[in-house]
Undergrad: 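First the structure, which I've put down as structure tokens, then a few questions once you've had a look.
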Amino acid sequence: EDVMPFIVSAVERSKNDEENLIEANRIAAQKESIQIDGYVARRKLEVTKTGTGLRYVIYKEGAGEKAVNGKIAVVKYEVSLMDGTICYSTKEKGPEEFIVGKDNVESGLHEGITYMKVGDKAKIIIPSYLAHGLAGDFNKIPVRSTIIYDIELIALK
């Protein structure tokens, strides 16, 4: 018996599933973008929106050098959800460091920090697909969560 029609059918089905998944993710990203826009409007933040969908506002200007990939960023931050729930903060344990563009932090944080100079304080609003995505962080950040970094770039090494 010829199995080709069955294989072709399975490949077609797989392609449709993939297209449906892509479409579902596109819709979810659009919905999230609208929610972020609402958050920004309610707080009257004047943010810059990047091509990736990240939003940021530098609310205190520093005078230091600009963060670039490969540098070690020393930061103080508070990470919260859009409902105001604080997930993480450096208040207790002090500043943290990460290598810009390399370390295992949210891709949105890598992007956002490159818009900052030493001494800058900023709010970086990171859509879930640039943060912890479909999985969350298996700790304090739920699945598909937009996260907000209130961050200060203290130094670059």
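This structure is a prediction, so every number in the text was calculated from the model and none was measured. Note that the numbering runs from 1 along the sequence shown for the chain.
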Undergrad: Quick check for you: to the nearest 0.5 Å, what is the distance between L156 atom CG and I113 atom CD1?
TA: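 The distance works out to 7.5 Å.
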Undergrad: Is it the case that the side chains of N139 and Y88 hold a donor-acceptor pair, with the cut-off being a distance below 3.5 Å and no angle test?
TA: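 Per modelled atom types, Y88 and N139 side chains form a pair under 3.5 Å.
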Undergrad: Side chains of L109 and I151: does their closest heavy-atom pair fall under 4.5 Å?
TA: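 Of all side-chain heavy-atom pairs linking I151 with L109, at least one is under 4.5 Å.
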Undergrad: Under the criterion salt bridge (charged side-chain N to carboxylate O under 4.0 Å, His left out), which of K157, K71, K117 is the partner of E65?
TA: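 Of the listed residues K157, K71, K117, the salt bridge (charged side-chain N to carboxylate O under 4.0 Å, His left out) partner of E65 is K71.
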Undergrad: I126, I148: one ILVMFWY side-chain cluster at the under-4.5 Å cut-off?
TA: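 No, I126 and I148 fall in different hydrophobic clusters.
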Undergrad: Closer than 3.5 angstrom, by distance alone: can the side chain of R55 be matched with the main-chain N or O of G53 as a donor-acceptor pair?
TA: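 Judged by distance alone, yes, a pair lies under 3.5 Å.
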Undergrad: Would you say K49 has more than 12 foreign heavy atoms packed within less than 6.0 Å of its NZ?
TA: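 More than 12 heavy atoms, drawn from other residues, nucleotides or ligands, come within 6.0 Å of this atom.
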Undergrad: For E19, does the CD atom sit with more than 12 other heavy atoms under 6.0 Å from it, leaving out its own atoms?
TA: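 Correct, the count exceeds 12.
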Undergrad: For K76, look at atom NZ and say whether over 12 heavy atoms of other residues, nucleotides or ligands are found less than 6.0 Å away.
TA: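 Open: at most 12 neighbouring heavy atoms sit under 6.0 Å from NZ of K76.
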Undergrad: Below 4.0 angstrom, N of the basic side chain to O of the carboxylate: do R144 and E32 qualify?
TA: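 Salt bridge between R144 and E32, a charged N being under 4.0 Å from a carboxylate O: no.
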Undergrad: Under a 4.0 Å threshold between the charged nitrogen and the carboxylate oxygen, would E18 count as salt-bridged to K15?
TA: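 Salt bridge: no.
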Undergrad: When the ring planes of Y115 and Y56 are compared, do they come out parallel, tilted or perpendicular, using 30° and 60° as the limits?
TA: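 Rings of Y115 and Y56: parallel, under 30°.
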Undergrad: Under a 3.5 Å cutoff, is there a donor and acceptor pairing between the side chains of Q35 and T146?
TA: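 No, no side-chain donor-acceptor contact under 3.5 Å.
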